[in-house]
Amino acid sequence: MAFSKVLVGWMAACALSAALADTLPHADTATTSPFAHAERFDYEGSGLPQVAANLNEQIVRIPADASGTVTLEATLFKPDGPGPFPLVVFNHGKNTGDLHQQPRSRPLAFAREFVRRGYAVIAPNRQGFAGSGGTYQQEGCNVARNGIAQADDVAATIRYMAHQPYVDASKIVVAGTSHGGLVSLAYGTEAARGVRGIINFSGGLRQDLCDGWQHNLVAAFDQYGAHTAVPSLWFYGDNDSVWTPALVAQMRDAYQSHGAQVRFVDYGSYKDDAHRLVIDRDGVDVWWPAVDAFLAQLNMPTAVRFAVAEPHEPKASGYASIDSVDAVPFVDEAGRDGYRHFLSQHPSRAFAVSAEGAWSWAEGGDDPMALALDNCAKQGMGSCRLYAVDNRVVWHAPEQTADRDDDAQVAHSSLASR
């Protein structure tokens, strides 16, 4: 038995992040509603070249210093072909605890939208995080210095990627979430010539053990805004578990007070925590329309050029109604309680079972189906299959599945985005 709620992968309930701002060409406070649905494409018969569902994911090592002694573990996603492709650098958030135990940054839902449009996406783990070398630079309670120190790894990443033959170094966007949003804005003070814009998702750094941490955070945004000429797009929600709207407003005002070019998007509430927006595949409908407009203003590509499959979701089977707890096969009372908890979760969600009594549910992230199946299989109690996805039962009784081979129904190895 198991469950997994993917909040913000490596960043959510961990007391570390935030930021804020306003319009694009000039800094008049103008809130934009992004709730128009992002475009969805039927690629069948489109003639678009197809990219593998894993977005050609590979791990690369990036030298973090001149000697190459310290390297960064980075995840690369890209279309097929030689390019050159525009580049997006995605900067991760910060968990509590041992940062080397933090999962490797794999922003699949985010990367998919850019790879579709012909971009390469690199997600470096900064020094001290995940499989990267070096140590995390805390800089005490000085948030501004913390962001600048972390931005050195963003600069190293861009230097390295700019020399790759498949990258167009004149078309670069830097993005980040949570602590990575702060780092992205800090990098804006020293951005390379080809960096055209910054996208900040709920960026900042929360240090509850530091007296006056809110003041330190606002001061950092003030400093960054005074020394950047790169336009930025900011996303903050009202029900963010880390930042209050009042604190976000202070950060925005401080950054904009120097004339920095900012477009601010307040997208209201998102599920149970706005801080998780960019890690969820469901969040794409919220953020992509504003990103599309921002990229267009930067003269960056926005048209879909490649067909990229999303996680396949099986259709309803008609086996039972979604709220029929007693219909779930094989599970004991604890499993039925687990299914009740599953029913209280937000879509996207999935519930998996095995004939030997294992069960697991997952919610959020890029592919909760894969995560539910993986966690169920880890219990070592037989092959696991999906019972329910979102608001529909997808389970087929054994006699219904004798001649079926449904890849979406059996345990597989890909994990939800972290």
Side-chain angles (χ1 to χ4, degrees), residues 6 8-11 38-41 43 48-60 62 72-81 83-93 103-126 130 154 157-158 161 164 166-168 171-178 180-181 183-184 197-201 233 235 276-288 290-292 294-295 300-311 348 364-368 370-371 414-418:
V6 181
V8 187
W10 11 248
M11 61 203 91
E39 290 182 271
R40 292 302 182 199
F41 299 90
Y43 296 114
L48 291 171
Q50 294 189 354
V51 175
N54 71 350
L55 311 178
N56 295 316
E57 178 180 359
Q58 58 182 289
I59 299 174
V60 298
I62 295 175
L72 308 177
E73 178 186 53
T75 308
L76 174 66
F77 306 97
K78 61 184 288 292
D80 296 330
F85 306 114
L87 178 69
V88 180
V89 180
F90 182 87
N91 297 305
H92 60 78
R104 172 170 58 89
S105 180
R106 297 180 67 234
L108 285 166
F110 175 89
R112 186 180 294 114
E113 298 307 311
F114 283 93
V115 172
R116 277 179 174 153
R117 291 161 174 89
Y119 288 74
V121 178
I122 189 75
N125 295 281
R126 299 185 294 280
V154 182
T157 298
I158 290 175
M161 295 300 296
Q164 304 311 304
Y166 55 84
V167 169
D168 182 347
K171 296 179 180 177
I172 300 174
V173 170
V174 175
T177 184
S178 195
V183 172
S184 299
I198 298 169
I199 306 174
N200 164 30
F201 293 94
L233 172 64
F235 290 92
R276 64 189 287 189
L277 177 76
V278 74
I279 297 304
D280 270 9
R281 182 159 44 96
D282 296 330
V284 173
D285 281 345
V286 177
W287 60 260
W288 178 255
V291 168
D292 181 276
F294 183 63
L295 293 174
M300 298 283 280
T302 60
V304 172
R305 295 179 51 203
F306 296 89
V308 182
E310 294 196 8
S348 296
D366 184 66
D367 189 353
L371 190 57
S414 63
L415 294 177
S417 172
R418 300 187 182 210

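Note that this is a predicted model, so its numbers are computed, not measured.
- Thr75 places no side-chain N or O within donor-acceptor distance of the main-chain N or O of Arg106, the cut-off being under 3.5 Å.
- For the atom pair Asn91 CG and Ser105 OG, the distance stands at 8.5 Å (nearest 0.5 Å).
- Minimum interatomic distance between Pro86 and Gly118 (heavy atoms only, all atoms of both residues): CD-O, 3.4 Å.
- Annotation: cation-pi pair Lys78/Tyr166 present, NZ/CZ under 6.0 Å from the ring centroid and within 45° of its normal.
- Contact annotation: the side chain of Ile279 never approaches that of Asp366 to less than 4.5 Å [non-hydrogen atoms, C-beta and beyond].
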Quick one: do Asn56 and Asp80 satisfy side chain to side chain contact (heavy atoms under 4.5 Å, CB included)? Show the steps, please.
CA-CA 8 Å; Asn56 295 316; Asp80 296 330; 2.7 Å; yes
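- The backbone N or O of Glu113 sits nowhere less than 3.5 Å from a side-chain atom of Tyr119 that would complete a donor-acceptor pair.
- When side chains are defined from C-beta on, Thr157 counts as touching Leu72, because their heavy atoms get closer than 4.5 Å.
- Trp288 does not carry Arg116 over the face of its six-membered ring by the limits of under 6.0 Å from the centre and within 45° of the normal.
- Shortest non-hydrogen contact noted between Asp168 and Pro84 is N-CB, 3.8 Å.
- Counting only heavy atoms from C-beta outward, the side chains of Phe90 and Val278 approach each other to under 4.5 Å.
- Residues Ile158 and Val174 have side chains in contact (heavy-atom distance under 4.5 Å, counting atoms from C-beta outward).
- For Phe235 and Phe201, the distance between ring centers is under 6.0 angstrom.
- By the 4.5 Å heavy-atom criterion applied to side chains, Met161 and Val89 are not counted as neighbours.
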For the pair Glu310 and Arg112, evaluate salt bridge (charged side-chain N to carboxylate O under 4.0 Å, His left out) and give the outcome as yes or no after the intermediate values.
CA-CA 8 Å; Glu310 294 196 8; Arg112 186 180 294 114; 5.2 Å; no
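- Residues Pro107 and Phe77 share a closest heavy-atom pair of CD-CE1, 3.9 Å.
- Leu108 CG to Asn54 CG: the interatomic distance, rounded to the nearest 0.5 Å, is 9.0 Å.
- Of the possible polar contacts, none joining the Asn200 side chain to the Ser184 backbone as a donor-acceptor pair under 3.5 Å is found.
- Side-chain contact between Arg117 and Met300: absent, with no pair of heavy atoms (C-beta onward) separated by less than 4.5 Å.
- Gly197 approaches Phe294 most closely through the heavy-atom pair CA-CZ, 4.1 Å.
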Side chain to side chain contact (heavy atoms under 4.5 Å, CB included) for Phe306 and Leu48? Distances and angles first, verdict last.
CA-CA 5 Å; Phe306 296 89; Leu48 291 171; 5.9 Å; no
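- Side chains of Phe110 and Trp287 form a contact here, defined as non-hydrogen atoms less than 4.5 Å apart.
- Annotation for Leu233 and Ala290: closest pair CD2-O, 3.7 Å, computed over non-hydrogen atoms.
- A donor-acceptor pair under 3.5 Å is formed between the side chain of Arg126 and the backbone N or O of His92.
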Walk me through whether Lys171 and Leu87 qualify under side chain to side chain contact (heavy atoms under 4.5 Å, CB included).
CA-CA 6 Å; Lys171 296 179 180 177; Leu87 178 69; over 6 Å; no
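- Of the inter-residue distances, the one linking Thr302 atom OG1 with Leu295 atom CG reads 7.0 Å to the nearest 0.5 angstrom.
- The main-chain N or O of Ala370 is found under 3.5 Å from a side-chain atom of Asp367 such that the two form a donor-acceptor pair.
- Judged by distance alone, the side chain of Asn125 and the main-chain N or O of Arg104 form no donor-acceptor pair under 3.5 Å.
- Taking the side chain as every heavy atom from C-beta outward, Val60 and Ile122 approach each other to under 4.5 Å.
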